[in-house]
J.: 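Handing you a structure now.
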Amino acid sequence: MLKTIQEKLATTNTKLVAVSKTKPIAQILDMYHQGQKVFGENRVQELVEKQAQLPKDIEWHLIGHLQTNKVKYIAPFVDMIHAVDSVKLIIEINKQAQKQERVIPILLQFRIAEEDSKYGLDISDAVLLLESEEFTTLKNIQVCGVMGMATFTDDKQQVKAEFQQLKRYFDLLKNRYFTQNPAFKEISMGMSGDYELAIKEGSTMVRIGSLLFG
Ligand SMILES: *Cc1c(COP(=O)(O)O)cnc(C)c1O
């Protein structure tokens, strides 16, 4: 399955984040030896434990909701934090990154699903954040793009519309705030059930778990 997905992505410039949550070390290592070097976890404790046991050239992404009091555990090594959805969280990530003398790449999570999801920014929140004076002082985070999760539904039209919404948010922010910033380039959208649709709608990073690991 890994090869099939990699081949599909190869022609599209989309990065595969292999979502290894709940999967044992041996299975991750096996996939690593098949050439997959980017893995995503959604829980801090699991991420920390796995990172300690697995090869150090793995690129680790935290894709799930992050509580501010847990940022310190992943700040030394995390390669990207996908689900950043509050000013408070950004400030904490910046603080912990500063302690580690590094810059942590982050994505802004947007609420695009129809269901009343607890997490994610609205575009007005993002505008306020990016225009705030405080934001300009944060030197230890790098905003690399946006992330979103579509509604869990078989209705392809709805999922498509939600991905298009996220793409519009990306374009708006890119044009307004990041035209001079090549690092702002990622649209993290698409999972096992909808990644092909996500790629058609402009995804640059798909987060695939069950389809890969079975
Ligand atoms: C679990 C998870 C995925 C992967 O879901 P699959 O349907 O198993 O591919 C992607 N993104 C997030 C945020 C997740 O928690």
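We're numbering straight along the sequence, starting at 1. Below, each value reflects all heavy atoms present in this structure, side chains not excepted, and no hydrogens, waters or symmetry copies. Note that the coordinates shown come from a computational prediction; the quantities given were computed from them, not determined experimentally. Order of appearance sets the numbers: ligands from 1, and atoms from 1 within every ligand.
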J.: Provide the closest heavy-atom pair for L212 versus M31 in the form atom of the first, atom of the second, distance.
T.: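 Closest approach of L212 to M31, heavy atoms only: O-CE, 3.9 Å.
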J.: Do me a favour and list the nearest non-hydrogen protein atom to atom 4 (C) of ligand 1 with residue, atom name and distance?
T.: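 That would be R207 O, 3.6 Å.
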J.: Among protein heavy atoms, which lies nearest atom 8 (O) of ligand 1, and at what distance?
T.: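 Result for atom 8 (O) of ligand 1: S210 N, 2.8 Å.
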J.: Can you list the atoms of ligand 1 that are under 4.0 Å from a heavy atom of M149?
T.: 13 (C)
J.: Run the salt-bridge test on K70 and E92 with the 4.0 Å N-O cut-off and return the result as yes or no.
T.: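 So K70 does not pair with E92 through a salt bridge.
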J.: Identify, with sequence neighbours excluded, every residue that meets side chain to side chain contact (heavy atoms under 4.5 Å, CB included) alongside Q180.
T.: none
J.: Do any nitrogen or oxygen atoms of G209 lie less than 3.5 angstrom from nitrogen or oxygen atoms of ligand 1?
T.: yes
J.: Among all the protein's non-hydrogen atoms, which is closest to atom 5 (O) of ligand 1, and how far away is it?
T.: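 So the nearest neighbour among protein heavy atoms is M191 CE, 3.5 Å.
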J.: Is NZ or CZ of K50 both nearer than 6.0 Å to the six-membered ring centre of F39 and within 45° of the ring axis?
T.: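 So K50 doesn't make the cation-pi contact.
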J.: Just jot down the ligand 1 atoms closer than 4.0 angstrom to any heavy atom of I208, in number order.
T.: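 Close to I208: 9 (O).
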J.: Quick one: nearest non-hydrogen protein atom to atom 9 (O) of ligand 1, plus distance?
T.: S192 OG, 2.5 Å
J.: I need the nearest protein heavy-atom contact for atom 3 (C) of ligand 1: residue, atom name and distance, please.
T.: K21 NZ, 3.8 Å
J.: For D154, does the CG atom sit with more than 12 other heavy atoms under 6.0 Å from it, leaving out its own atoms?
T.: no
J.: For K156, does the NZ atom sit with more than 12 other heavy atoms under 6.0 Å from it, leaving out its own atoms?
T.: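 Count not over threshold, so no.
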J.: At what distance is the nearest protein heavy atom to atom 13 (C) of ligand 1, and which residue and atom is it?
T.: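 Answer for atom 13 (C) of ligand 1: I63 O, 3.6 Å.
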J.: Is it the case that Q96 and Q100 place a side-chain donor and acceptor less than 3.5 Å from each other?
T.: no
